[in-house]
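Below you'll find the structure, written out as structure tokens, and then a few comments.
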Amino acid sequence: MGVPLCFFQISSRKKDQRYSKRIVNFRIILTGLIALLTTCYMLKNIQETIGENGTVIGTLTPVIVAFEMKYITNGTMIGVLFALYVLLVLTILTQAFLRRASKRGQGFELEEKSTSESSASLFSKLTFGYCTKSCAFSTTKKTDKGNEELKQQPQLVKCLLKAFGPYVLGAAMLNLLSSIFGLLTPFVLRLLIQFTEDHTNALWEGYMYALVMFGLTIGKTIFETQQGQRNCNGDSRMWIAISSVIYKKTLKLSNSAKKSSTSGEIVNLLSVDAGRISSCFHNINYLWTIPFMFCSTLFLLWQTLGVSAFIGLGIVIVLIPFNSFLVKKGKDLHLEVMDLKDNRVKMMNEVLNGIKVLKLYAWEDSFEKQISTIRDKEMGVIRNQALVGTCMHLAWCLTPFLVSLGTFAMYVLIDPENVLTAEKAFVAMSLFGMLSWNLNALPHIVNHYVQANVALKRIQEFLNKEELNEEAVTRNPDKEYAVTVDSGTFAWNKEDDFSLKDINVHIPEGSFVAIVGSVGSGKSSMLSAILGEMESMSGNVNLKGTVSQQAWIRNTSLQNNILFGKGMNKSEYNDIINATALRTDLDMLSGGDQTEIGEKGINLSGGQKQRVSLARALYQDADVYLLDDPLSAVDAHVGKHIFDEVLDKKGKLGKKTRILVTNGVSFLPKTDMIITMVDGKIGEMGTFKELIDHKGAFAEFLDNYMINKGSDKEETLSGNDEASSSSETKDENSNTVTRTNDINETDNKTVDKIIEEESNESGKAKSAVMSFYMSAIGVPLSVFIIIFNIGFEILHRSSDVWISQWTSDITTHINGTVDTTQRNMRLGVYAGIGTLQGFVLLLVGYSVSTARMNASRKLHKNLLRNILRSPMTFFDTTPVGRIVNRFSNDVARIDNEIIYQFKDCIISAAVVICNAVIICFGTPQFLCVLLPITILYFILQRFYTVSSTQLRRFETSANSPIYSQFAETISGTSTIRAYNQQARFIAESAERIDEHKIAQNSARVVSRWLSVRLQFMGALILLFVCIFAVLGKATLSAGIVGLIITYALEITGCLQWVVRVISDLENNTVSIEKIQEYTETPTEAAWEIPEKEPSSSWPEIGCIEFQDYGVRYREGLDLVLKGITCKIQPNEKIGIVGRTGAGKSSLTMALFRILEKAKGKIFIDGIDISTIGLHDLRSKITIIPQDPVLFSGTMKMNLDPFEEYSNEEIWTALEHAHLKKFVDGLEEGLDHKCSEGGENFSVGQRQLVCLARALLRKTKILVLDEATAAVDLETDDLIQNTIRTEFSDCTILTIAHRLNTIMDYTRIMVLDAGNISEFDTPSNLLDNCESMFYGMAKDAGLVKSNE
């Protein structure tokens, strides 16, 4: 498969032409400058050859040549010319690229990002003054849109280079100019030191050098910040492009690709890998800048110190193999970490999606251990990664010192006449500083590119995964039939056995077709094959338009779930609400149809989910409807209403083509065709009468499992219809199906907000957050890190001061004779200081690595522990994507970034303080300047940090919705494709990405705003120090002048570095803040209370008593159970019925304390369940839930996660659950791998696995929450027989829609609006024609009308 990637469209051709003209003009000026400098260089050489008495050739004045000969060496001129030639080449390449792109029509959006920027003056653009107002009020401007168009290319890296090449080249030119200005600075420093040594020079000359130094610093600042802003623009565009293409690819993945790419892995691609690739923009030019600067500084060192400089090159070459090994090792470890992180996030995502089941089964401990085991392995690899990083950091940090030590030693030892003067030493030290910066940056850049390379391969692999074959289903409107399948053979994966074989179906337009069969026979697979969701191995499928109907609910309002992107037609909308029996539900909801639905419909019952999904399908007004058992989760009377109003010939879909998968039989006579599925093949096909007359498997099934046995089938079904019709009037007058005329009644209701907005603290990050982080590290260790880093910086400054004293010490060379003893002593002490630096650096590395491990382990452990102990209300109001973001993005920052930023804050502060002290020591007058600059610095720092932190919070808050929608999309891809809504979801994803980038880009522009101002302050400091050095040249030694100017040069970058690292730390402390918030959220009651622990045999008899029990979903909401009082005797079988929303599931959730009491008590065998631990309660009662959930892992793990039972006991449970034959037929048996969510099992098979879980636990109380709604009648009968035999001595509570399954129960509890309306034996309730249960039974055809 090809790799698609977006290319940016031309936004303004005039802009592109204007940009090209600027490139041409710049090239002309650059060419002229090169020609001029080349001519001057030739003239100088000619002048040197002719001698002082020779005439100067040409028309240039002697003054220019004299200035050249005095101040510019051959090496300097060669270096400048070389840099300019490189810049010229880059200009030519950029011009050629733009010309080619223009010819191909591939323009690039070059206009400015915001209105304020585009209208700003040149000075405002250079200084980022246009964003001062944004910084002051923490406002954001919308930047760029994320709806990039995609093109297919064979390799991702080639696509990225083609799409973003001009950004790289433009930044490269700015980077080169910045580097040239930086390289010129040491030579001005040389001239300034020479000036202070020669007391005869005029003061104006010194002032000129000071101004030149100031100008070079300002120029370097402008080029650096403009390059940084360009990099940020490219970073944003690339992240948008990669994120967009990952999202689009997710919508196209085939089933085999989904099997190998779990949702956790895909989320990681978006949350981590995309960012690592796009952030290459900030470092990509360093790939050539660092070698260029290294070669340039070595060349200039050679000009200064001669051949001694090459000893540094030798040291670097010797260290290359060692560093290469570390880089390779780091790459391997990073790959391992990412794989483990994928597994952890995947497991966490599954746990969050199935958290309700985990709590019902009291399985949190087991899954906490599984996640912790993966995390422990991850931490082991991170420990090795930290060790490799420490070695790499040690090597690169000591390399500049070893280079300077080797160079100085070689210089003074190679020739006795060589004296280390201030001029040579501090020019060399300035060059060593540049070398040091580049070499220190190299390990970070190498490590970043290792990670980016890994990320690139992971995304490349994902983008190359197989896509669904869009041509598998043709849509030819000229075909005779609405649905045609000829000789179809289908499989979920190409590697698997065929799931469907020899399928031949021809469905006429407007017909009503039912698909029936046992669990796992291929009913739902048939619908998927028609939709094109399965791999078509052979045959043809043709459709005339289609809409899928699945209970997939989005986190949005109920109305938006129904509209699903289509415009509002109120009349049609109201008709659909009434047809799907949602009117009463809307009346019950506090916000009506504007009520927000939680993720996966968390605040809807199973029946409500089905009806909302059905309403969505109706509203799309398609030609063909594929309905996967939408009536299974609704009550019988509601099901009949929906059938009459929607599916029947007189219903809303009467003229549409309807294909209904069903496990019921009561509506089959009204269908036009019935297809029976047997082991993936069509067993029988025909009308209801034809199949009955055929006397085949279908007729035999009806004979054995008809609702009213012994009666004529057709007569019974006809009787059911009549009974249903006769009760219709009653239904219309009751509260079951209530009609109103207009949905506007809900407009005045208060909307119940389910999902809460992510909280954002205002202003500066609280000091409590850093205290929280330091406590996770360990306070003693935090103190050691501070001490060791300060000690390292003091040692580093001591070595520079020692060099200053060495160069000023006249005793080392008297009368041209070198005192070797003194020289060797100076050299030995310098080496000793460096050795101490290495030792302290080792202590720093060890302490930082240990702190990293401590914080990562403790914070993740506490986060996981608290999340698993949070009540269900927390998960109802918090999107899964937001929680996953804590475990992926925020945990990754703690693992990889925050501790190093903490260390950098200490180092940067120590550097600035040490530099300021040394400068003040050399020139006390600087104290007068230091005070106002310090005040201004703190004002800027505070001004920026508060704004930046707040923008970072906005960015973090805007980040979570991206992942929430992404996770939501992954679970609903088949529905999105069926409705052909891919474009809308892609646009919605782009809109959320935009919101995130608005805050991120605003924060970045504010960062550039700060950078310009801080570097200008640094340039002012440099200017004043140079002026003070000029004024005090009579009293200052050359060594002191060299030292203070070198540190003044360094402080320019240090000021910016301090604020940036503090800001980065505060920005990333938002991640700590979010994790702290999630570790301090309220938790549910204790899992175990040892002093209240019931006996191991509890409950012994299974007696349940409710005393005035009331419960509500959340604080502030109305009670959903309003004073339930009843007593259930041991071994009673209780059926619980009632319309959707009556409180049936709430009653069972209260029994498990998923919902805690608002009033009253529940007693089980005389023990108040509110007084014992949750696990003591939940592990002693068993539930077969409405939504069967499986987790990725083995079949055995899904049945017995605590490994409490033997294999024989598990096989016995599977046999009684009618799964033994199926599991035994699997290649790996109990070790068969279940896919994420159990997607490689049918819904019915998953429900049988839940039954097997219950059989294993075999407690005295069993709860069935609509457990057989998704299985066929035959399997339902088997399950009911198993429950009656295996749980005969247990108390059973059953929530049932199929009333026939509870007709032999001891008593029936009828709930209505949270109250017990009726509670008696089935016979007594049926004897009362006015009872609600009688009406339900009549709707289900269980009793005949008296009329």
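FYI, side chains are in, hydrogens and waters are out, and symmetry mates aren't considered; it's all heavy atoms of this structure.
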Atom CD1 of Ile1021 and atom CG of Asn915: how far apart are they, to the nearest 0.5 Å?
10.0 Å

Is a side-chain donor or acceptor of Arg823 paired with a backbone partner of Val412 at a separation under 3.5 angstrom?
yes

Give the intermediate values and the outcome of side-chain contact (heavy atoms from CB on, under 4.5 Å) for residues Ile218 and Phe1016.
CA-CA 7 Å; Ile218 291 296; Phe1016 179 75; 3.4 Å; yes

Can you name the nearest heavy-atom pair linking Ala409 to Leu827, along with the distance?
CB-CD2, 3.7 Å

Just one of Leu1049, Leu1023, Leu191 clears the side-chain contact (heavy atoms from CB on, under 4.5 Å) bar with Met213, so which one?
Leu1049

Which pair of non-hydrogen atoms, one from Ser308 and one from Ile414, has the smallest distance, and what is that distance?
OG-CG2, 4.2 Å

Report yes if some heavy atom in the side chain of Ile777 is under 4.5 Å from a heavy atom in the side chain of Ile899; otherwise report no.
yes

Are any non-hydrogen side-chain atoms of Cys920 and Leu930 less than 4.5 angstrom apart?
yes

Cut-off 3.5 Å, side chains only: do Ser404 and Tyr830 have a donor facing an acceptor?
yes

Taking all atoms of both residues into account, what is the closest heavy-atom pair of Leu183 and Leu300, and its distance?
CD2-CD1, 3.9 Å

Going by the side-chain contact (heavy atoms from CB on, under 4.5 Å) test, name the single residue among Ile833, Val840, Thr835 that passes it with Gln837.
Ile833

Does the Lys NZ or Arg CZ of Arg190 fall within the cation-pi geometry relative to Tyr209 - under 6.0 Å from the ring centre and within 45° of the axis?
no

Do the non-hydrogen side-chain atoms of Val1030 and Glu205 ever get within less than 4.5 Å of each other?
no

Tell me, yes or no, whether the heavy-atom count around Tyr900 atom OH, taken from other residues, nucleotides or ligands under 6.0 Å, exceeds 12.
yes

With under 30° as parallel and over 60° as perpendicular, where do the rings of Phe792 and His796 fit, or are they tilted in between?
parallel

Mark yes or no for whether Arg852, through its side chain, and Asp895, through its backbone, hold a donor-acceptor pair below 3.5 Å.
yes

Answer with yes or no whether the side chains of Thr390 and Ser849 bring together a donor and an acceptor at under 3.5 Å.
yes

Check the surroundings of atom CZ in Phe784: do more than 12 heavy atoms from other residues, nucleotides or ligands lie under 6.0 Å from it?
no

Minimum heavy-atom distance Phe788-Ser847, with the two atoms named:
CD1-OG, 3.9 Å

Are the side chains of Thr421 and Ile193 in contact, using a 4.5 Å heavy-atom criterion?
no

Is there a side-chain contact between Ile1044 and Tyr1047 in this structure, where contact means two heavy atoms from C-beta onward sitting under 4.5 Å apart?
no

Ring centres of Phe926 and Phe1024 under 6.0 Å apart?
no

Heavy-atom distance under 4.5 Å between the side chains of Ser296 and Phe292, does that happen here?
yes

Atom of Val1061, atom of Ser908 and distance for their closest heavy-atom approach
CG2-OG, 3.3 Å

Could you check whether any side-chain N or O of Thr923 sits under 3.5 Å from a backbone N or O of Ile919, counting only pairs where one atom can act as donor and the other as acceptor?
yes

In terms of heavy-atom contacts, Cys1026 and Leu192 come closest through SG-CD2, 3.7 Å

Check the surroundings of atom CE in Met410: do more than 12 heavy atoms from other residues, nucleotides or ligands lie under 6.0 Å from it?
no

Going by heavy atoms in the side chains, are Val848 and Phe902 under 4.5 Å from each other?
no

Any heavy-atom pair between the side chains of Thr217 and Gln1015 that's under 4.5 Å?
no

Students often mix this up, so state it plainly: with edges at 30° and 60°, are the rings of Trp302 and Phe299 parallel, tilted or perpendicular?
tilted

